[in-house]
Amino acid sequence: MSKSTYPLKLPASVKKAAAELAANDGVSLNQFIAAAVAEKVGCLRTAQEFLHERAGIAKPKDMLKFLHRVPKVPPADGDQL
């Protein structure tokens, strides 16, 4: 596996919390951060692929036919912009 370095600056509170979690897991802080980044990358790629697949060949204009069916009523209390 190819490795590269990246200087990472974390807020002290985040670094402390990550170091505590890493110690609880019995891994180094570096291993913990690498695993956390890999997990996030995997989640985002999976979500992107899922959404791309679900979108299929749909075009934004295709959604207009559904939006035109929405009743013209004021928003419920608490839903206003």
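Note that the coordinates shown come from a computational prediction; the quantities given were computed from them, not determined experimentally. Starting from 1, each residue takes its place in the sequence as its number.
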**OP:** Examine distances only and state if a side-chain atom of Q80 and a backbone atom of G78 form a donor-acceptor pair shorter than 3.5 Å.
**Re:** yes

Original post:
Checking D62 side chain against K59 main chain: does a donor-acceptor pair fall under 3.5 Å?
Top reply: yes

**OP:** First locate atom CZ of F32, then atom CG of L21, and finally report the distance between them rounded to the nearest 0.5 Å.
**Re:** 4.5 Å

Subject >> By side-chain hydrogen bond (donor to acceptor under 3.5 Å, both in side chains) - contacts of Q31 (at least two apart) >> reply: S28

Side chains of residues 38-48: which donor-acceptor partners sit under 3.5 Å, not counting sequence neighbours?
residue : atom : partner : partner atom : Å
T46     : OG1  : G42     : O            : 2.8

Subject >> Closest non-hydrogen atom pair, L29 against K15 >> reply: CD2-CE, 3.8 Å

Original post:
Can you list the other members of the hydrophobic cluster that holds L64, where links are side-chain heavy atoms under 4.5 angstrom apart?
Top reply: M63, F66, L67

